[in-house]
Amino acid sequence: MTPASDRTEHAERFTLLRPLLFTIAYEILGSATESDDVLQDSYLRWADVDLSTVQDTKSYLARLVTRQALNALRASARRREEYVGPWLPEPLLLDDQDPSADVVLAESVSMAMLVLLETLSPDERAVFVLREVFGFDYGEIADAVGKPAATVRQVAHRAREHVRARRKRFDDINPQRKAEITEQFLATAASGDVAALVAMLAPDATWMADSGGKVSAARKPVVGAERVARAIIGLMRKAGAQLRVQLATCNSAPAVVFYLGEHLEGVITLEVIDDKITNFYVMRNPAKLAALTSARTISRT
């Protein structure tokens, strides 16, 4: 049996690094709920480790969490293939962290980046996240994913090029300006002025909703500024006086949380480029909205 003093040290080391470990798991999985499960399982394994054999706690725990997250990602692959309608990552409600304090971290957990990471293989995703976001060296990553360092370098290069090719432009406006655009969007949509709303959108603006087939939502993305604008205003008119909205910070960006009466109906995360809204990521799946019950702390260190 592990002595009480060792159990305390295990807990202290894990707790100190928990924001980092959660962020690694979330960026690999795109699910706060599954990340919590990964951390719980990882801690149980960590509790049995002889601390005298651990030279670098951060590297050891990152490796442990990465392996468990990869196992979870591979296990969920079939469920995602059979998913009804578009699959979006779980929105992550953040505490009072300033998104501008760590631009790399903010971009890495943005909904747009997480959606892009879904196009990578599990190994590519883990390697990209560990290298590009958290700065682990190739030897540490090799241990985490169970591949030779030379292979990891190739995987990292392939994943990096894949992301660059599909993420040519970034949602890089300052958080205050994005909050202003989000508030303007709400006011314009509530006014019912289609033309004014169209003027706020990029020509190829896209509305993508994840319902998991459990509630009403478009089963395919709505594309085009006018189609999206008319769809939004139509939804607001249908909801009527019962609709209540509030701003929150999800995935390091302003988001719109909406209710019908007191019932949480969904959350909308906006992507903005050059002061135009390019994408609406809409979470309607009740199971994924459960992650919004508590704010999280994320970290790269």
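Predicted, not measured: the structure shown is a model, and the values here were computed from it.
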Spell out, yes or no, whether Leu39 and Val129 are grouped together once hydrophobic residues are joined by side-chain heavy atoms under 4.5 Å, including indirect joins. yes
Residues 245-270 vs ring pair (Phe, Tyr, Trp, His ring centres under 6.0 Å), sequence neighbours excluded, gives none
**OP:** Over 60° means perpendicular and under 30° means parallel, so classify the ring planes of Phe134 and Phe136, tilted if in between.
**Re:** tilted
- Under the side-chain hydrogen bond (donor to acceptor under 3.5 Å, both in side chains) criterion, do Gln68 and Ser42 qualify, and how do the steps go? CA-CA 7 Å; Gln68 297 306 112; Ser42 297; 5.2 Å; no
Discussion item. I'd like to know if Arg177 pairs up with Glu183 as an ion pair, taking the criterion as any Lys NZ or Arg NE/NH1/NH2 lying under 4.0 Å from an Asp or Glu carboxylate oxygen.
Written reply: no
Can you get from Met283 to Phe185 by hopping between Ile, Leu, Val, Met, Phe, Trp and Tyr side chains that sit under 4.5 Å apart? no
Side chain to side chain contact (heavy atoms under 4.5 Å, CB included) filter on Ala239, not counting sequence neighbours, yields Leu243, Leu260
Those residues at least two apart in sequence (or on a different chain) that pass side chain to side chain contact (heavy atoms under 4.5 Å, CB included) with Thr182 are Lys178, Leu247, Pro254, Val256, Leu270
| message | Could you tell me if Tyr26 and Asp36 have a donor-acceptor pair between their side chains, going purely by distance under 3.5 Å? | response | no
_Less than 4.0 angstrom from a charged side-chain N to a carboxylate O is my criterion; do Asp137 and Arg131 meet it?_
no
Between the CE atom in Met113 and the CG atom in Leu116, the distance rounded to the nearest 0.5 Å is 6.0 Å
**Q.** Within one Ile-Leu-Val-Met-Phe-Trp-Tyr cluster: Val38 and Val145, side-chain cutoff 4.5 Å
**A.** yes
If only side-chain N and O atoms count, and only distance matters, is there a donor-acceptor pair under 3.5 Å linking Arg166 with His162? yes
Arg237 meets the salt bridge (charged side-chain N to carboxylate O under 4.0 Å, His left out) criterion, sequence neighbours left out, with none
- Query: Does any N or O in the side chain of Arg300 come within less than 3.5 Å of the main-chain N or O of Leu20, such that one atom is a donor and the other an acceptor?
  - Reply: no
Shortest non-hydrogen pair, Ser35 vs Ala25, comes out as OG-C, 3.3 Å
Output, in order, the C-alpha distance, side-chain angles, deciding distance and verdict of side-chain contact (heavy atoms from CB on, under 4.5 Å) for Arg284 and Val282.
CA-CA 6 Å; Arg284 296 273 287 121; Val282 188; 4.0 Å; yes
Between Ser211 and Ala217, the two heavy atoms sitting closest are CB-CB, 3.6 Å
Contacts table for residues 55-65: side-chain donor-acceptor under 3.5 angstrom, sequence neighbours left out:
from: Asp56; atom 1: OD1; to: Lys58; atom 2: N; distance (Å): 3.1
from: Asp56; atom 1: OD1; to: Ser59; atom 2: N; distance (Å): 3.1
from: Thr57; atom 1: OG1; to: Arg13; atom 2: NH1; distance (Å): 2.9
from: Ser59; atom 1: OG; to: Glu140; atom 2: OE2; distance (Å): 3.1

Applying salt bridge (charged side-chain N to carboxylate O under 4.0 Å, His left out) to Asp41 and not counting sequence neighbours gives Arg45
Hits for side chain to side chain contact (heavy atoms under 4.5 Å, CB included) against Glu82, two or more places apart or cross-chain, chain-then-number order -> Arg78
Residues pairing under salt bridge (charged side-chain N to carboxylate O under 4.0 Å, His left out) where one sits in residues 214-228, two or more places apart or in two chains, turn out to be Glu226-Arg230
request  = For the pair Glu118 and Arg125, find out whether any cationic side-chain nitrogen is under 4.0 Å from an anionic carboxylate oxygen.
outcome  = yes
Review point. Just wondering, do Gln246 and Arg244 contact through their side chains at under 4.5 Å, heavy atoms?
Key: yes
Regarding Asp95 and Thr297, do their side chains bring together a donor and an acceptor under 3.5 Å, going by distance alone? yes
Subject >> Same apolar cluster: Leu73 and Met111, side chain cutoff 4.5 Å >> reply: no
In terms of heavy-atom contacts, Ala290 and Thr293 come closest through O-OG1, 3.0 Å
The complete set of ring pair (Phe, Tyr, Trp, His ring centres under 6.0 Å) pairs with one or both residues in residues 190-223, sequence neighbours excluded, reads Trp207-Phe280
With sequence neighbours left out, the residues meeting salt bridge (charged side-chain N to carboxylate O under 4.0 Å, His left out) with Asp37 are none
The reported gap from CD1 in Ile28 to CG in Asp123 (rounded to nearest 0.5 angstrom) is 10.0 Å
Identify every side-chain donor-acceptor pair in residues 189-196 under 3.5 Å, counting partners at least two apart or on other chains, and give the distances.
from: Ser191; atom 1: OG; to: Thr188; atom 2: O; distance (Å): 2.6
from: Ser191; atom 1: OG; to: Asp193; atom 2: N; distance (Å): 3.2
from: Asp193; atom 1: OD1; to: Ala195; atom 2: N; distance (Å): 3.2
from: Asp193; atom 1: OD1; to: Ala196; atom 2: N; distance (Å): 3.0

Report yes if some heavy atom in the side chain of Arg158 is under 4.5 Å from a heavy atom in the side chain of Glu124; otherwise report no. yes
Sequence neighbours excluded, the answer for salt bridge (charged side-chain N to carboxylate O under 4.0 Å, His left out) partners of Asp143 is none
Self-check item: Cluster check Val222, Val215: I/L/V/M/F/W/Y, side chain < 4.5 angstrom
Solution: no
Please report the C-alpha distance between Tyr83 and Asp210 in whole Å, then the side-chain angles of each, then the deciding distance to 0.1 Å, and finally whether the side-chain hydrogen bond (donor to acceptor under 3.5 Å, both in side chains) criterion is met.
CA-CA 10 Å; Tyr83 200 77; Asp210 178 336; 2.5 Å; yes
Heavy atoms of Ala205 and Val228 approach each other most closely as O-CG2, 3.5 Å
